Engineer: 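First the structure, which I've put down as structure tokens, then a few questions once you've had a look.
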Amino acid sequence: MPEEEPHPIRIHLDLLLAERGMTLTELSAQVGITVVNLSVLKNGRAKAIRFSTLARICEVLRCQPGDLITHDPTERGL
């Protein structure tokens, strides 16, 4: 399997979970998606996210999409 190219999108799910004292398993149950899919997102390996999933994560974590996802242009070209 080829190594994935670095991309400038950063996911801050681990930080938001820590700030709220919540586990990935608890978030999974409340959002209604698998722990595996949340783990893929958390580790930056997701290729896409549905707006409905993003909205549900933001509802549960009481955050905005920009709290969860940021763009770091310095990562392009690694």
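Note that the coordinates shown come from a computational prediction; the quantities given were computed from them, not determined experimentally.
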Engineer: Quick check on side chain to side chain contact (heavy atoms under 4.5 Å, CB included): which of Val36, Asp14, Leu38 does Leu24 satisfy it with?
Structural biologist: Leu38

Engineer: Let me check something: do Ile9 and Ile49 share a hydrophobic cluster, defined by ILVMFWY side-chain heavy atoms less than 4.5 Å apart, either directly or through other members?
Structural biologist: yes

Engineer: Look up atom CG in Leu61 and atom CG in Leu13, then write down how far apart they are to the nearest 0.5 Å.
Structural biologist: 6.5 Å

Engineer: Would you give the length of the straight line joining atom CG of Leu17 to atom OG1 of Thr25, rounded to the nearest 0.5 angstrom?
Structural biologist: 10.0 Å

Engineer: Could you give the distance from CG (Leu16) to CZ (Arg62), rounded to the nearest 0.5 Å?
Structural biologist: 10.5 Å

Engineer: Ignoring hydrogens and angles, tell me if any N or O in the side chain of Asn37 forms a donor-acceptor pair with the backbone of Ile33 under 3.5 Å.
Structural biologist: no

Engineer: Ignoring hydrogens and angles, tell me if any N or O in the side chain of Arg10 forms a donor-acceptor pair with the backbone of His7 under 3.5 Å.
Structural biologist: yes

Engineer: Could you measure the distance from the CE atom of Met22 to the OG atom of Ser28? Nearest 0.5 Å is fine.
Structural biologist: 11.0 Å

Engineer: Are the side chain of Asn43 and the backbone N or O of Arg45 linked by a donor-acceptor pair below 3.5 Å?
Structural biologist: no

Engineer: Taking only residues two or more places apart in sequence, or in another chain, which ones meet Arg56 in a salt bridge (charged side-chain N to carboxylate O under 4.0 Å, His left out)?
Structural biologist: Glu59

Engineer: Check whether Asp67 reaches the backbone of Gln64 with its side chain - one donor and one acceptor, N or O, closer than 3.5 Å.
Structural biologist: yes

Engineer: Given the rule that I, L, V, M, F, W and Y join up when any side-chain heavy atoms are under 4.5 Å apart, are Leu27 and Val40 in one cluster?
Structural biologist: no

Engineer: Apply side chain to side chain contact (heavy atoms under 4.5 Å, CB included) to residues Ile57 and Leu41 and explain how you reach the verdict.
Structural biologist: CA-CA 11 Å; Ile57 290 171; Leu41 178 64; 3.9 Å; yes

Engineer: Taking only residues two or more places apart in sequence or in another chain, which ones pass salt bridge (charged side-chain N to carboxylate O under 4.0 Å, His left out) with Glu26?
Structural biologist: none

